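These notes are about the structure you will find just below.
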Amino acid sequence: MSFLAIDIGNTRLKWGQYASPFPGAPLIAHGAVFLETIDTLADTEWKHLTPPGSMLGCVVAGEGIRRRVEEQLELWDIDPRWVVSSAHAAGVTNGYDHPGRLGTDRWVALIGARQRVLSHGGPRPVLVVMVGTAVTVDALDADGNFLGGLILPGFGVMQRALEMSTAGLKVPTGEIVDFPTNTSDALMTGGSSAMVGAVERMHRNLRERCGQEPVLLMSGGASPKLAAITDLKFETVERLVFDGLLALQSHRLAL
């Protein structure tokens, strides 16, 4: 039976239908919509899908959004299941002071990263960078222990904050250049450099902590902007959260 993975962020809902609820299963359909349009999913993007046998999702956008998505899921005879961050799951240990307060998207991405590293050569520390409305930089050691992470404003949030706080900065989106000579490029390059600096600092901290070169995984729609200006070796993983949802679902079925 097919499996539906749902990732509800602060701006968009992303979904993927897999042939089975196991890591490595073929992706047979996928899509993304802005949260403003989720009330039409049952009549549009999901209307012609083969009914999934199960689903699992993570949501950071709040209970109201979750309930609206559950109304759309009534199209099929499945029980909606949503990830709750826990102290331990699928081989990953949550080192947050209060494990339940770790954002579910970060938790699921860490689980996806752990599964990916294990399937590509064995245990190694990994740094997980997700670039969306916010940017998160999370460290996982070679034993699957989440050590901690950073949260930074994303590109849009950073630029809007500057526009609201500084007169005369309502300018078009700029480019990332080595030496900006206009305000648009200065804003874009400054924001990107701040994010990359955070990633490179955390990468160095993780390497020193573990005594081993970490794997760097980048995910999220805006990740190419950071990837273009870091000197670190990295891998772009388009569906890291979906990888984590598949791992969680398969572990649940194995219990």
Side-chain angles (χ1 to χ4, degrees), residues 7-12 14 32 34 58 60-61 95-96 101-110 112-113 116-117 124-141 146-166 169-210 213-241 243-244:
D7 173 18
I8 307 176
N10 292 297
T11 304
R12 296 191 303 161
K14 296 171 284 293
F34 288 104
C58 65
V60 298
Y96 230 43
R101 296 181 184 175
L102 177 64
T104 55
D105 56 340
R106 295 171 67 191
W107 176 233
V108 173
L110 286 164
R116 187 174 190 86
V117 169
R124 283 181 62 186
V126 56
L127 192 65
V128 181
V129 180
M130 294 198 299
V131 189
T133 304
V135 177
T136 57
V137 187
D138 290 322
L140 198 65
D141 72 12
F146 170 48
L147 303 177
L150 310 175
I151 304 175
L152 299 85
F155 289 97
V157 174
M158 195 177 293
Q159 182 153 348
R160 286 193 297 273
L162 284 169
E163 288 177 349
M164 289 188 294
S165 303
T166 309
L169 278 185
K170 293 187 180 298
V171 295
T173 301
E175 301 294 332
I176 299 173
V177 298
D178 288 339
F179 299 99
T181 55
N182 60 70
T183 303
S184 294
D185 291 350
L187 285 170
M188 179 58 70
T189 306
S192 303
S193 298
M195 295 176 203
V196 167
V199 171
E200 293 179 346
R201 180 182 178 88
M202 183 65 88
H203 188 273
R204 182 172 66 250
N205 290 346
L206 183 57
R207 183 178 63 238
E208 293 174 355
R209 171 72 172 266
C210 297
E213 190 71 14
V215 176
L216 174 57
L217 301 180
M218 289 196 185
S219 189
S223 59
K225 294 180 181 178
L226 297 191
I229 60 173
T230 182
D231 294 328
L232 295 174
K233 182 180 178 180
F234 65 90
E235 180 183 356
T236 301
V237 184
E238 186 177 354
R239 301 182 179 92
L240 193 57
V241 170
D243 290 345

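Computed from a predicted structure; not experimentally measured.
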Do [X] and [Y] come close enough that some side-chain heavy atom pair is under 4.5 Å?
| X | Y | value |
| --- | --- | --- |
| Leu102 | Phe146 | yes |
| Ser193 | Val196 | no |
| Val131 | Val129 | yes |
| Leu147 | Leu206 | yes |
| Glu200 | Leu232 | yes |
| Thr230 | Val199 | no |
| Val241 | Met130 | yes |
| Tyr96 | Arg106 | yes |

Please report the closest heavy-atom contact between [X] and [Y], naming both atoms and the distance.
| X | Y | answer |
| --- | --- | --- |
| Asp141 | Cys210 | CB-SG, 3.8 Å |
| Val237 | Ser219 | O-OG, 2.8 Å |
| Ala194 | Leu152 | O-CD2, 4.3 Å |
| Val135 | Pro153 | CG2-O, 4.1 Å |
| Thr11 | Thr133 | OG1-OG1, 2.6 Å |

Over 12 non-hydrogen atoms of neighbours within 6.0 angstrom of [atom1] in [X]:
| X | atom1 | answer |
| --- | --- | --- |
| Arg209 | CZ | no |
| Arg12 | CZ | no |
| Glu238 | CD | no |

Drop me the distance from [X]'s [atom1] to [Y]'s [atom2], to the nearest 0.5 angstrom.
| X | Y | atom1 | atom2 | answer |
| --- | --- | --- | --- | --- |
| Leu127 | Met202 | CG | CE | 6.5 Å |
| Asp138 | Leu217 | CG | CG | 11.5 Å |
| Leu240 | Asp7 | CG | CG | 10.0 Å |
| Thr236 | Leu216 | OG1 | CG | 8.5 Å |

Counterpart residues, salt bridge (charged side-chain N to carboxylate O under 4.0 Å, His left out), relative to Asp243 (two or more places apart)
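Here the qualifying residues are Arg116.
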
Taking Thr189 for its side chain and Glu175 for its backbone only, find out whether a donor-acceptor pair lies under 3.5 Å.
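Looks like yes, one N/O pair under 3.5 Å.
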
